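Report on the structure given below.
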Amino acid sequence: GWEIRGTTPPISKYVAILAHHTSLWDGPLLIAMSFYFQIPAYWIAKDSLFRGPIGPLLRRFGGVPINRSSSQNIVEQVIQIFEKNDEFVLALAPEGTREATKCWKTGFYHMAQGAKVPIAMVYIDYEKKICGMGPLIDPTGDMMADLKEIAVFYEDVKGKHPSRQGTVVLDTSE
């Protein structure tokens, strides 16, 4: 009973943001959408999750380990991954959690701007049973203006648990 909308972006490198992230079901749905759109999407997680027998499985499903104890911050690590690869799509949730947040994290924006790649707006609207790929936005450097455009796109999207949806406002303290 779900409808999929949008098309695969005609480029090979971008940051795909998913909003609103309110459920564990978002991950499997995002993986299913990546298969549908034939996009080899990747996601980042702390490197300790990749130790042991589950590591290869996490990598198989697009997991990229990030060293959180490194002197190099996560944004810089991701920018280097983009620079080393001809094709790389990083999928992440700007809220950073499935719980309600007062604001979005700014890392996705800095990653896209630093890697000189656009931001693709991906959505799962549980209320309407629609998911898909929205438009691409090239970061202009005016983060607040770009966020306004992103906020307009997501204003009618409902996560599985709307009470957990964070406000589309950036945390500028990062």
Side-chain angles (χ1 to χ4, degrees), residues 1-45 58 60-64 78 81-82 85-113 115-171:
W2 281 76
E3 180 182 344
I4 299 176
R5 293 186 181 166
T7 59
T8 304
I11 56 175
S12 59
K13 295 185 351 181
Y14 54 93
V15 172
I17 58 172
L18 169 67
H20 297 281
H21 182 36
T22 65
S23 168
L24 281 173
W25 284 107
D26 298 342
L29 285 171
L30 186 62
I31 290 170
M33 284 189 346
S34 72
F35 282 111
Y36 176 85
F37 286 109
Q38 299 179 348
I39 299 169
Y42 295 89
W43 46 274
I44 57 175
L58 293 176
R60 171 71 178 101
F61 284 105
V64 176
V78 170
I81 293 169
F82 271 105
N85 291 282
D86 292 332
E87 296 182 2
F88 189 72
V89 176
L90 178 66
L92 43 81
E95 290 128 323
T97 180
R98 292 182 311 272
E99 300 302 320
T101 60
K102 292 182 181 178
C103 53
W104 281 11
K105 304 283 186 184
T106 59
F108 78 94
Y109 189 89
H110 296 296
M111 290 171 188
Q113 186 175 30
K116 298 176 180 61
V117 298
I119 298 166
M121 294 184 285
V122 178
Y123 62 98
I124 301 172
D125 191 321
Y126 286 85
E127 184 176 83
K128 297 174 188 151
K129 290 191 172 184
I130 300 170
C131 56
M133 297 289 298
L136 295 172
I137 291 183
D138 286 310
T140 64
D142 184 345
M143 192 164 42
M144 298 315 269
D146 294 341
L147 181 67
K148 285 180 185 176
E149 187 176 343
I150 292 169
V152 167
F153 177 80
Y154 284 111
E155 71 185 347
D156 293 329
V157 174
K158 299 287 185 245
K160 184 165 180 64
H161 303 287
S163 64
R164 295 183 188 172
Q165 287 184 199
T167 307
V168 185
V169 174
L170 290 179
D171 179 357

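This structure is a prediction, so every number in the text was calculated from the model and none was measured. Just so you know, residue 1 is the first one in the sequence shown, and it goes up from there.
Not one N or O on the side chain of W43 forms a donor-acceptor pair closer than 3.5 Å with the backbone of A93.
Under the rule for a side chain to side chain contact (heavy atoms under 4.5 Å, CB included), the partners of I137 that lie at least two apart in sequence or sit in another chain are M121, E149, I150. Qualifying salt bridge (charged side-chain N to carboxylate O under 4.0 Å, His left out) partners for K128, counting only residues two or more places apart in sequence or in other chains: D125. Residues satisfying the side chain to side chain contact (heavy atoms under 4.5 Å, CB included) test with S12, not counting sequence neighbours, are E87. Under the salt bridge (charged side-chain N to carboxylate O under 4.0 Å, His left out) criterion, E3 pairs with R5, not counting sequence neighbours. Residues passing the ring pair (Phe, Tyr, Trp, His ring centres under 6.0 Å) test with F153 are Y123, sequence neighbours excluded. Under the side chain to side chain contact (heavy atoms under 4.5 Å, CB included) criterion, I11 pairs with P9, Y14, P118, L136, sequence neighbours left out. Under the side chain to side chain contact (heavy atoms under 4.5 Å, CB included) criterion, T140 pairs with Y109, D142, D146, sequence neighbours left out. Every ring pair (Phe, Tyr, Trp, His ring centres under 6.0 Å) that F88 has, sequence neighbours left out, goes to Y42, F82.
Atom CD1 of I119 sits about 8.5 Å away from atom CG of D138, to the nearest 0.5 Å. Atoms CD1 and NZ, on I81 and K13 in that order, are 11.5 Å from each other to the nearest 0.5 Å. To the nearest 0.5 Å, the span separating CG on L18 from CD1 on I124 amounts to 4.5 Å. Note: M143 CE to H110 NE2 = 4.5 Å, rounded to the nearest 0.5 Å. The distance from atom CG of D156 to atom CD1 of I130, rounded to the nearest 0.5 Å, is 11.0 Å.
Minimum heavy-atom separation, A120 to M133: CB-CE, 4.1 Å.
When side chains are defined from C-beta on, L92 counts as touching I17, because their heavy atoms get closer than 4.5 Å.
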